[in-house]
Amino acid sequence: MATPPLKAVTLTHVRYRKGDQLGHLLAWVSLVPVFISLGGFVSHFIFRREIQGMFFALGLLVSQFINEFIKTTVQQARPEMCVLLETCDSHGWPSSHSQYMFFFAVYFTLLTCKGIGLWGIKNRWFSNVLHWTLAVLTMYSRVYLGYHTVAQVFAGAILGILIGAGWFWFVNSVLFPYFPAMEESAFGRYFYVKDTSHIPDPLKFEYDNARAARSSANKVSKSN
């Protein structure tokens with residue numbers, strides 16, 4: 001009985017030419033979407049549980065489903081390098097990595113422009129520059145490593161920007177009025193889901209309140 005061909009899980013299966021230091025660096029850059037998803041949003045839900053963050057993550061998932069639908073519909077092949085990379089059995093247009101990162105960058109930028117986010121106002125410019133830099137580097141890495149053509153990564157970038165902007169409008173224009181109801185729902189109360197969009201600097205707000213609570217607790221313990 002013939003053994004069926006094997007297929008790798010490509011979540012972190014990124015290859016580069018041996019001895020190519022730039023390729024090694026870009027291989028790690030290419031994994032930024034994985035770090036954001038598993039490290040960023042999972043940690044966000046565990047420790048913060050912001051409604052804005054949850055819809056941010058949901059939008060990225062929607063974007064990736066759209067990407068997969070387009071890929072399977074268009075079925076454009078990857079570059080010839082796919083033989084060495086063992087990725088010829090998957091489609092290349094549009095690039096999901098590029099789409100993910102540009103969705104992330106445009107959505108994050110729109111959040112900061114609206115004054116929503118954990119960063120202080122003075123540091124938001126740095127955050128935006130960082131995200132757009134990572135988006136461009138991720139797009140470049142997919143071409144450099146041979147996973148996509150230039151057209152495929154630019155298609156992903158454009159699609160990510162359009163979907164990211166559209167999702168931001170949907171969340172903050174259509175769904176935003178329902179955020180208080182989500183906080184007061186059974187799910188919101190059970191998981192301590194909250195919305196701090198109305199607070200200019202949530203980190204400072206939480207820091208000040210945590211210090212005040214500790215000070216009050218110390219005064220009570222001393223009085224006892």
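Treat the numbers as computed from the prediction; the structure is a model and nothing was measured. Note: hydrogens, waters and symmetry copies are ignored here, and every other heavy atom, side chains too, is used.
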Between S215 and A212, is there a donor-acceptor pair closer than 3.5 Å when you use the side chain of the first and the backbone of the second? no
CZ (F104) and OG1 (T109) are apart, to the nearest 0.5 Å, by 9.5 Å
**Request:** Following the transitive rule for hydrophobic clusters with a side-chain heavy-atom cut-off under 4.5 Å over Ile, Leu, Val, Met, Phe, Trp and Tyr, establish whether L145 and L22 coincide in one cluster.
**Result:** yes
Checking I163, L162, I161 against F103 for side chain to side chain contact (heavy atoms under 4.5 Å, CB included), the one that qualifies is I163
Specify whether F56 and F108 have parallel, tilted or perpendicular ring planes, treating 30° as the upper limit for parallel and 60° as the lower limit for perpendicular. tilted
Which word best sums up how the rings of F170 and W167 line up, parallel for under 30°, tilted for 30 to 60°, or perpendicular for over 60°? tilted
d(T138 OG1, W28 CH2) to nearest 0.5 Å is 14.0 Å
Path from L111 to Y178 over hydrophobic side-chain contacts below 4.5 Å
yes
Applying a strict under-4.5 Å side-chain criterion to I, L, V, M, F, W and Y, I'd like to know whether W169 and I158 cluster together. no
Taking every heavy atom of P177 against every heavy atom of V174, the minimum-distance pair comes out as CD-O, 3.5 Å
Here the gap from I36 atom CD1 to L31 atom CG, rounded to the nearest 0.5 Å, amounts to 11.5 Å
- Task: Show your reasoning for whether side chain to side chain contact (heavy atoms under 4.5 Å, CB included) applies to M101 and M139.
- Result: CA-CA 8 Å; M101 288 305 299; M139 181 173 68; over 6 Å; no
Correct closest heavy-atom pair for G164 and Y107 would be O-CD1, 3.6 Å
Separation between CZ (F168) and SG (C113), nearest 0.5 Å, reads 8.0 Å
Kindly list each side-chain donor-acceptor pair under 3.5 angstrom involving residues 58-69, sequence neighbours excluded, with atom names and distances?
{"residue": "S63", "atom": "OG", "partner": "Q99", "partner atom": "NE2", "Å": "2.8"}
{"residue": "N67", "atom": "ND2", "partner": "P94", "partner atom": "O", "Å": "3.1"}
{"residue": "N67", "atom": "ND2", "partner": "Q99", "partner atom": "OE1", "Å": "2.9"}

**Message:** Could you walk me through whether V136 and F102 satisfy the side chain to side chain contact (heavy atoms under 4.5 Å, CB included) test, starting with their C-alpha distance in whole Å, then the side-chain angles of each, then the deciding distance to 0.1 Å, before giving a yes or no?
**Reply:** CA-CA 8 Å; V136 172; F102 277 85; 4.3 Å; yes
When every non-hydrogen atom of V129 is compared with those of T133, the smallest separation belongs to O-OG1, 2.7 Å
Worksheet entry | Donor-acceptor pair, side chain of R78 and main chain of H91, under 3.5 angstrom | yes
Heavy-atom closest pair (E183 atom, D195 atom, distance to 0.1 Å) is OE2-N, 2.7 Å
May I ask you to decide if A181's main-chain N or O and E184's side chain share a donor-acceptor pair within less than 3.5 Å? no
For P79 and H148, the nearest pair of non-hydrogen atoms, with its separation, is CG-C, 3.4 Å
I51, F187: one ILVMFWY side-chain cluster at the under-4.5 Å cut-off? yes
What one should report as the nearest heavy-atom pair of H131 and A105 is O-CB, 4.1 Å
| Among the clusters formed by ILVMFWY side chains lying less than 4.5 Å apart, do L175 and M54 turn up in the same one? | yes
With R142 as partner, the option from S98, S95, S30 fulfilling side-chain hydrogen bond (donor to acceptor under 3.5 Å, both in side chains) is S30
Plane angle bin for Y144 and Y140 - parallel if under 30°, tilted between 30 and 60°, otherwise perpendicular: tilted
- prompt: Mind checking whether M182 and F55 have side chains closer than 4.5 Å, heavy atoms only?
  reply: yes
By ring-ring contact (aromatic ring centres under 6.0 Å, His included), W93 pairs with (sequence neighbours left out) none
Could you check whether any side-chain N or O of Q52 sits under 3.5 Å from a backbone N or O of S197, counting only pairs where one atom can act as donor and the other as acceptor? no
message = A quick test of your reading: do over 12 heavy atoms of other residues, nucleotides or ligands sit less than 6.0 Å from CZ of F176?
response = yes
CG (L110) and CG (N172) are apart, to the nearest 0.5 Å, by 8.5 Å
